[in-house]
Asks: 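Pasting a structure here, questions to come.
Quick caveat: nothing in here was measured; it's all calculated off a predicted structure.
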Amino acid sequence: MSALATSVDPLSATFFALADPTRRAILARLAKGATTVKELASPFAMSGPAVSKHLRVLERAGLIQRGREAQWRPCTLEAGPLKDVAEWTGGFRQFWEANYTRLDTYLDQLKTEEDPK
């Protein structure tokens with residue numbers, strides 16, 4: 001994580017972490033249950049250190065937690081920051097609903113013009 005990302009608020013750190021498709025894919029995998037770093041790395045054509053770097057970004061954003069079981073370090077999803085993102089984006093619901101309502105009205109108008117009865 002860059003120095004900029006470590007000095008920002010938690011929501012910004014979460015968006016920074018979510019900005020990368022590999023990190024989003026890792027989170028999607030962890031939504032199915034805890035797994036090891038090796039299992040998380042297997043679908044990606046990248047080195048182990050590169051995957052570890054992605055995991056550090058996710059960990060600093062509070063999106064994952066790494067445990068310790070003997071020599072294994074299973075990762076688990078921490079969904080709290082995702083809830084904060086959902087709450088923030090939910091604030092735009094009224095905006096999108098108004099746009100969908102206008103789109104529905106426009107589509108109804110087009111149907112009426114195509115099939116006047």
Asks: So L40 and C75, do their side chains get closer than 4.5 Å, heavy atoms only?
Replies: yes

Asks: Answer yes or no: is there a side-chain heavy-atom contact under 4.5 Å between L30 and T35?
Replies: yes

Asks: Which atoms form the tightest heavy-atom contact between A61 and T14, and what is the distance?
Replies: O-OG1, 4.0 Å

Asks: Nearest 0.5 Å please: distance from the CD atom of E114 over to the NZ atom of K111.
Replies: 9.5 Å

Asks: Identify the heavy atoms of A31 and L77 that sit nearest to each other, and give their distance.
Replies: CA-CD2, 3.9 Å

Asks: Please report the closest heavy-atom contact between E78 and G62, naming both atoms and the distance.
Replies: CB-O, 3.2 Å

Asks: I'd like to know if L18 and F92 are part of one continuous hydrophobic network [Ile/Leu/Val/Met/Phe/Trp/Tyr, side-chain heavy atoms within less than 4.5 Å].
Replies: yes

Asks: Give the minimum heavy-atom separation between P74 and E69, together with the two atoms involved.
Replies: CG-OE2, 3.8 Å

Asks: Quick one: closest heavy-atom pair of L58 and R23, and the distance?
Replies: CD2-CB, 3.8 Å

Asks: Roughly how far, to the nearest 0.5 Å, is the CG atom of D9 from the CZ atom of F15?
Replies: 10.0 Å

Asks: Linking I/L/V/M/F/W/Y whenever any side-chain heavy atoms sit under 4.5 Å apart, do L103 and W96 land together?
Replies: no

Asks: Within the 4.5 Å heavy-atom criterion, are L63 and I26 side-chain neighbours or not?
Replies: no

Asks: For residues A13 and V8, report the shortest heavy-atom separation together with the two atoms involved.
Replies: N-CG2, 3.8 Å

Asks: Transitively linked via ILVMFWY side-chain contacts under 4.5 Å: L107 with Y100?
Replies: no

Asks: Report yes if the side chains of V51 and T22 come closer than 4.5 Å at any heavy-atom pair, otherwise no.
Replies: no

Asks: Once rounded to the nearest 0.5 Å, what's the spacing between atom CD of Q65 and atom CZ of R73?
Replies: 10.5 Å

Asks: Counting heavy atoms not belonging to E87, are there more than 12 under 6.0 Å from its CD?
Replies: yes

